[in-house]
Amino acid sequence: MAIETQSNRIIQMQKVCKRYGALTVLQNLDIDIESSEKVALIGPSGSGKSTILRILMTLESIDSGRVVIDGESLYDIHEDSTGSSVSKQQVSRIRAKVGMVFQSFNLFPHMSVLRNITEAPIHVLKLSREEAEQQAVEFLDLVGLQDKINAYPAQLSGGQKQRVAIARALAMQPKIMLFDEITSALDPELAAEVLLVLKNLARKTDRTMLMVTHQMHFAQEFADRIIFMEQGKIVEQGSPEKIFNHPQKERTRSFLKTVLEAT
Amino acid sequence: MTEIFSWLPILLSGVKTTVLLTVGAALIACPMALIFGLARLSSHPSLYLPSACYIEIFRGTSALVQLFWFYYVLPHFGWKLDAFSAGVLVLGLNIGAYGAEVVRGAVQAVPREQYEAAQALSFSRQQTMTRIILPQAFVAMLPPAGNLMIELLKSTALVSMITLSELTFKGQILRASTLKSTEIFTITLLIYFLLSLCISGAVRKLERYVSYAKG
């Protein structure tokens, strides 16, 4: 974390609570993330990891707490549900700073690979078609798929689809990239090709990246910081070296033992 | 055999009316289906309630009685329609109601994840509909819409009941004057069949044109 010259929090979540009916998904969660930091969220299923990403992508609201992204308030809701509401424009401004890659790829099946990548830059960012296409070619090159530019999603393997999805998210030039279990739907070989792309990406850009993953070895290599969560709370966090080699909490130890033995 | 040829001009003049009825009603049905199908999906009562009423009323009552109502009852309220207009209007509204359900089903069949992906890319709600959801829904709409078009063609025969001389009506007139029921109604059936083949062929062409590569 030596790259930061100044402490620059790009994501702040304070006392965030999220419930689905009777089920509490996040409990008074506090997370601060520095600009250009690479963070991996790990933990058992249902621990609320993906919910954090979905809240930051504005796909999910919260019940109480405060969320600030790049200096702009997304939520500020007190425990009695009162609080300042955020204007639609502000939400879309915040949304434009964040990009997300999904577990199930979610490419647009009726568009070619090229159009999947250029559609939003042309119609949302109002880039010219030439600019958008030129940029798309660069991103496709980055994910190693230049030869698939005219293919349709259904003609691609899962790993290729996920790489297109990464290029599509990058094309919107987000400051923050969220990766939600992006290799969980892939067999190990295809997962490896996606992780390789991600590793290069992490090395090349100073984007803030937040990933939810079950691939412990990858988290170890990719992340500056590991956050281990369970039942909507942070159990332990720290550098990969600390979490994987010297975990302080018994729960972290037992989780890592089980997961690492299985793989 | 020669008398069959003497019937043909009469039947074909009926075919012309049948085709005009079908095309006219389709021109009403398509926009009705799209507008009311989308309105049905809205969470706004002022949009979905009128839509639900329209769909349920036209789906839930007999098309023949609707025709009688538009042709014989509406004049009592000062709105007189000729048989052709009443036929086009009733058939159009009728098929439009079924079509609205087709549109609704096709839009609902697009996975929720597509909306989320669009939102993550900052598309506006309107852009999400026109660029992401409707193009996918349209492909899913086509086969059931083709079905409805054939259904529409065949239900034009109902309009003979309010004195419009379309294909079935002409067939009945010929039968009355020649008493050759077998020949005349067989030919009439054949003509309907050929017309419906044209529709299904056209729909299949359109399907092939709009469908994207499925791997």
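Throughout, protein chains are lettered first and strands after them, A, B, ... in sequence-line order, and every chain is numbered starting at 1. Quick note: numbers below take in every heavy atom, side chains included, and nothing from hydrogens, waters or symmetry partners.
- The part of A:Leu107 that comes within reach of chain B is its backbone (N, CA, C, O), which places non-hydrogen atoms under 4.5 angstrom from that chain.
- Between chain B and the residues A:Ala171, A:Ala120, A:Pro121, the most heavy-atom pairs under 4.5 angstrom are made by A:Ala120.
- Per-residue heavy-atom pair counts under 4.5 Å with chain B were compared for A:Glu119, A:Met172, A:Met111, A:Met100, and the maximum is reached by A:Glu119.
- Residue contact with chain B, scored on non-hydrogen atoms closer than 4.5 Å, involves the backbone and the side chain of A:Arg168 alike.
- Both the backbone and the side chain of A:Thr58 come within less than 4.5 Å of a heavy atom in chain B.
- Interface residues of residues 82-117 of chain B toward chain A, defined by a heavy-atom distance below 4.5 Å and sorted by number: B:Arg112, B:Glu113, B:Gln114, B:Glu116, B:Ala117.
- The contact list for residues 121-135 of chain B toward chain A, using heavy atoms and a distance under 4.5 Å, reads B:Leu121, B:Ser122, B:Phe123, B:Gln127, B:Arg131, B:Ile132, B:Pro135 by residue number.
- Within 6.0 Å of atom OH in A:Tyr20, more than 12 heavy atoms from other residues, nucleotides or ligands are found, so the atom counts as buried in its surroundings.
- With sequence neighbours excluded, the residues forming a side-chain contact (heavy atoms from CB on, under 4.5 Å) with A:Glu133 are A:Leu114, A:Thr118, A:Arg129, listed by chain and number.
- In the displayed structure, B:Arg59 atom CZ is contacted under 6.0 Å by more than 12 heavy atoms of other residues, nucleotides or ligands.
- Annotation: ring pair (Phe, Tyr, Trp, His ring centres under 6.0 Å) contacts involving residues 94-149 of chain A, sequence neighbours excluded, are absent.
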